[in-house]
There are 2 protein chains.
Amino acid sequence: MAERGFAGTGIAAISKASGLPASSIYWFFDSKDDLAAAVLERAMDRWVAMLEEVKGDAAPQKRLGAFMRRALAEIGDRLPLFLRLEMILALERGPHDAAIRERLQRGRDTGRDLLAQALAGAFEGIDDADRLAKELAPLAIAMAQGVMLGHELDPDGIDLDRFTEELAIGLRAIAEHRVGGKDP
Amino acid sequence: MAERGFAGTGIAAISKASGLPASSIYWFFDSKDDLAAAVLERAMDRWVAMLEEVKGDAAPQKRLGAFMRRALAEIGDRLPLFLRLEMILALERGPHDAAIRERLQRGRDTGRDLLAQALAGAFEGIDDADRLAKELAPLAIAMAQGVMLGHELDPDGIDLDRFTEELAIGLRAIAEHRVGGKDP
DNA sequence: CTTATTCTGTAGTGAATGCTACAGGAAGAG
DNA sequence: CTCTTCCTGTAGCATTCACTACAGAATAAG
């Protein structure tokens, strides 16, 4: 589904790929939409679990880089499947399926909270670091997702390893700019 | 198609929405894939035309901001349809359709060149501004696309107007960092 | 006018779509 | 063993899918 989209993936294909008989699929799930929502939930939980895990291991200042490196480790030539799934379902089903929208919202909220903490670490020394981190977390996530997508579409144009450090640098500059346009 | 994906949009629906009879669709296009490729091409041409237009109007230093503002003007609550189309086709058909991949590549190349010039303007005063602008253009595009997508999914989390200025600030910080980690 | 070209309406192809009905097997509980 | 709950296999539903064949209308060219 992450590779062919929601409409492009038939129940028969899901059945074959999973080994679960088609009739069983409709025992466990009410509909194809319901299945997609469940799959999306699993995918987002995995995202969150990954971030939580890193959170325990890395000191606040290094945490943003650690997040990025961990996400990176999940990427070969392909976007991690669950990021692909998230985007494709958001674009394809979001406008038509409220359950999907709600799941996306929940995932975004927890992701934002986790990233805000990491960002606060990267904003060390700036006034109001916590508030700025909260404000900028959604921007940071959007940027990172865009860059990962860009990397999948054209791996040569973007150096993900470098971006791992540079995201923090760019965001810090933006935060400094917000706190007052003057440099020390 | 931008709203329901490639597989989610039937020929009949296209026919009804466009007024063009289904049989005529197959007179003008060889297949649904062919149609999608043509539609994508139109969409990307419109992107490029938009950038070219701005290029003539804005001085180099202001050009990045002007690009962003112009793209922004295209957005209401929805991502501009052609950006949505680009992403959805890239994710859904990219892995399976070489013609789509080629079109995406061409669009990216021209987009990168145009943006590199605008970025060079924003990097004024930095050594090697031109080279850095070329290097960072794909990153800038990816960031901007990610942010626009993020805005569509959750309009409250991201302030697009602010991002218009802040993208340049963040990228400039990254460029400065690349040219040598020291600040004056 | 005639002729040639471009497009459309009608009808229908086989295959695949999401989903249901339901009988019966598998497995655990007592 | 029986009984109950959980799952699966078979068959089939109506609908939609991308696509084709083709006769003839519309349009343009001479």
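Reckoned from all heavy atoms, side chains included, excluding hydrogens, waters and symmetry mates. Naming: A, B, ... by sequence-line order, numbering from 1 per chain.
Remark: B:Ile25 pairs with B:Ile11, B:Ile14, B:Ser15, B:Leu20, B:Phe29, B:Leu35 by the side chain to side chain contact (heavy atoms under 4.5 Å, CB included) rule, at least two apart or across chains. When the side-chain hydrogen bond (donor to acceptor under 3.5 Å, both in side chains) test is applied to B:Glu135, the partners found at least two apart in sequence or on another chain are B:Arg131, B:Arg178. Qualifying side chain to side chain contact (heavy atoms under 4.5 Å, CB included) partners for B:Asp109, counting only residues two or more places apart in sequence or in other chains: B:Gln105, B:Arg112. With sequence neighbours excluded, the residues satisfying salt bridge (Lys or Arg N to Asp or Glu O under 4.0 Å) with B:Arg84 are B:Glu152. Residues passing the salt bridge (Lys or Arg N to Asp or Glu O under 4.0 Å) test with B:Asp97: none are found, sequence neighbours excluded.
One atom, CZ of B:Phe29, and another, P of C:dC7, lie 12 Å apart when rounded to the nearest Å. A:Arg4 places its CZ atom 18 Å from the P atom of D:dC17, with the value rounded to the nearest Å. Going from atom NZ of B:Lys16 over to atom P of D:dC17 covers 10 Å, rounded to whole Å. Going from atom CG of B:Leu20 over to atom C1' of C:dC7 covers 9 Å, rounded to whole Å. Rounded to whole Å, the distance from CH2 on A:Trp27 to P on D:dG9 is 15 Å. If you take CD1 of B:Ile25 and P of D:dC17, they are 12 Å apart, rounded to a whole angstrom.
Each ring-ring contact (aromatic ring centres under 6.0 Å, His included) pair with one or both residues in residues 79-109 of chain A, not counting sequence neighbours, appears once here: A:Trp47-A:Phe82. For the salt bridge (Lys or Arg N to Asp or Glu O under 4.0 Å) condition, the pairs that include at least one residue of residues 56-73 of chain B, sequence neighbours left out, are B:Glu53-B:Arg70. Sorted pairs that involve residues 105-145 of chain A and meet ring-ring contact (aromatic ring centres under 6.0 Å, His included), not counting sequence neighbours, are lacking altogether. Counting only residues at least two apart or in different chains, side chain to side chain donor-acceptor pair (under 3.5 Å) contacts with residues 24-46 of chain B comprise B:Asp33-B:Arg93, B:Glu41-B:Arg103, B:Glu41-B:Arg106, B:Arg46-B:Glu74.
Closest contact between the side chain of B:Ala12 and the listed nucleotides D:dT8, D:dC17, C:dT8 involves D:dC17. Distances were taken from every side-chain heavy atom of A:Phe28 (C-beta onward) to each of D:dT8, C:dC7, C:dG9; the shortest belongs to D:dT8.
Among the protein residues, A:Thr9 comes within range of the sugar-phosphate backbone only, with heavy atoms under 4.0 Å from sugar or phosphate atoms but none that close to a base.
By the 6.0 Å contact criterion, CD on A:Gln117 is enclosed, its count of non-hydrogen atoms from other residues, nucleotides or ligands being greater than 12.
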Could you list all N or O pairs between the protein and nucleotides 24-26 of chain C that sit under 3.5 Å apart?
none

What pairs of nitrogen or oxygen atoms, one from the protein and one from nucleotides 19-21 of chain D, lie under 3.5 Å apart?
unit_1, atom_1, unit_2, atom_2, d
D:dC19, OP2, B:Tyr26, OH, 2.7
D:dC19, OP2, B:Lys32, N, 2.8
D:dC19, O5', B:Tyr26, OH, 3.4

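Panel note: side chain B:Glu92, backbone B:Ala7; a donor-acceptor pair is recorded below 3.5 Å.
Paired regions of DNA chain C, where each region holds three or more successive Watson-Crick or G-U pairs whose two hydrogen-bonding distances fall under 3.5 Å, are C:2-13 with D:18-29, C:15-29 with D:2-16.
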